[in-house]
Amino acid sequence: MPLAKALELAQEYDLDLVEVAATARPPVCKLMDYGKFKYESAMKAREARKNQAHTVIKEMKLRPKIDPHDYDTKKGHVVRFLKQGDKVKITIMFRGREQSRPELGFRLLQRLAEDVQDLGFIESNPKQDGRNMIMVLGPHKKKTEAMAEAREAQAARKAGRQPGTAPVDESAEEPAEEPAEA
């Protein structure tokens, strides 16, 4: 179709004439609402970014002589990070004479890995790095799965019900009103 006729047709339907394939002979054009097209493509890109997972490495620092309650608190943080789908870098810091006993740090890291075994796995085994010993734990479930579960739980809390249960249809439960007796 000649260019002048295509432009006339676009004006008649109040649409835009958009060139789709410029390298083709003859060039290929399409009649469309370009503003709407741009808006929809921006919305698709935004939705894709929303579902995209960013790999985050959280860090937890410990000492070889850690109190049991402090250990439980730190372990709770590690559990929370793994449930959120993040990797966790655990660092044992040695000071003074503690450096001559790296097996204490190794045992502590192994104990922590066993305690969170159901949520994560050892991605990088414990390694001595100067005054520190480092181990990385990775989550079993992906970040996107964790994000989806968190969204579902939040929606359930908003609706006032427990996560994992189906919403209740209240209209079906109400009995019909009985006529009043005179």
Side-chain angles (χ1 to χ4, degrees), residues 1-61 74-91 109 112-127 129 132-174:
M1 171 180 301
L3 180 61
K5 189 173 181 184
L7 285 170
E8 188 179 301
L9 192 61
Q11 274 185 335
E12 183 181 321
Y13 287 109
D14 196 29
L15 294 172
D16 301 313
L17 185 65
V18 180
E19 191 173 36
V20 179
T23 57
R25 289 286 160 224
V28 180
C29 296
K30 188 176 183 180
L31 289 175
M32 67 167 61
D33 185 353
Y34 190 66
K36 182 179 178 183
F37 170 75
K38 289 284 283 182
Y39 173 77
E40 287 174 351
S41 62
M43 286 287 107
K44 283 181 188 175
R46 187 176 183 191
E47 191 66 30
R49 274 196 311 274
K50 183 172 142 184
N51 293 331
Q52 190 176 23
H54 302 288
T55 303
V56 179
I57 298 181
K58 305 280 188 169
E59 186 172 11
M60 189 58 52
K61 292 189 176 188
K74 298 277 188 175
K75 183 180 84 172
H77 293 310
V78 170
V79 166
R80 186 180 77 226
F81 295 150
L82 289 173
K83 280 184 179 177
Q84 291 173 353
D86 295 323
K87 292 181 181 183
V88 184
K89 176 182 175 184
I90 295 128
T91 305
L109 289 174
L112 182 63
E114 287 174 18
D115 289 349
V116 296
Q117 189 174 19
D118 55 327
L119 297 171
F121 62 96
I122 298 175
E123 197 168 279
S124 127
N125 286 316
K127 290 187 281 263
D129 181 28
N132 300 326
M133 185 174 281
I134 298 167
M135 176 176 78
V136 178
L137 294 175
H140 284 305
K141 60 182 169 187
K142 298 208 180 317
K143 181 78 171 180
T144 51
E145 294 171 16
M147 286 169 53
E149 278 183 17
R151 271 195 224 109
E152 181 186 306
Q154 186 178 17
R157 277 194 306 269
K158 224 178 213 182
R161 58 184 173 89
Q162 294 295 322
T165 60
V168 178
D169 184 17
E170 294 177 14
S171 62
E173 291 181 16
E174 294 179 21

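Hydrogens, waters and symmetry mates are skipped; everything else that's a heavy atom, side chains included, is used.
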Could you give the distance from [atom1] ([X]) to [atom2] ([Y]), rounded to the nearest 0.5 Å?
| X | Y | atom1 | atom2 | result |
| --- | --- | --- | --- | --- |
| Asp16 | Cys29 | CG | SG | 12.0 Å |
| Ile122 | Gln117 | CD1 | CD | 8.5 Å |
| Met32 | Leu17 | CE | CG | 10.0 Å |
| Asn125 | Ile134 | CG | CD1 | 13.0 Å |
| Met60 | Leu112 | CE | CG | 9.0 Å |
| Met43 | Glu40 | CE | CD | 10.0 Å |

If you apply the rule side-chain contact (heavy atoms from CB on, under 4.5 Å), what do you find for Gln154 with Arg157, and how did you get there? CA-CA 5 Å; Gln154 186 178 17; Arg157 277 194 306 269; 3.9 Å; yes
Please answer whether the main-chain N or O of Lys58 pairs with a side-chain N or O of Asp86 as donor and acceptor at a distance below 3.5 Å.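 Not at all, since once roles are kept as given, no pair shorter than 3.5 Å links the two residues.
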Could you tell me which non-hydrogen atom of Pro139 sits nearest to which non-hydrogen atom of Gly85, and how far apart they are? CG-O, 3.5 Å
What are the two closest non-hydrogen atoms of Pro126 and Met135, and how far apart are they? CG-SD, 3.8 Å
Other residues, nucleotides and ligands only: do more than 12 of their heavy atoms fall within 6.0 Å of [atom1] on [X]?
| X | atom1 | answer |
| --- | --- | --- |
| Glu8 | CD | no |
| Tyr34 | OH | no |
| Asp118 | CG | yes |
| Lys30 | NZ | no |
| Arg46 | CZ | no |

Residues two or more places apart in sequence or in another chain: which of them pass side chain to side chain donor-acceptor pair (under 3.5 Å) with Glu59?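 Scan of Glu59 (side chain to side chain donor-acceptor pair (under 3.5 Å), adjacent residues dropped) gives Thr91.
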Check whether any side-chain heavy atom of Glu149 sits under 4.5 Å from a side-chain heavy atom of Glu152, and report yes or no. no
Once side-chain contact (heavy atoms from CB on, under 4.5 Å) is applied, do any residues pair with Leu119, and if so which ones, sequence neighbours excluded?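 Applying side-chain contact (heavy atoms from CB on, under 4.5 Å) to Leu119 gives Val79, Leu82, Lys83.
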According to side-chain contact (heavy atoms from CB on, under 4.5 Å), who are the partners of Ala148, at least two apart in sequence or on a separate chain? none
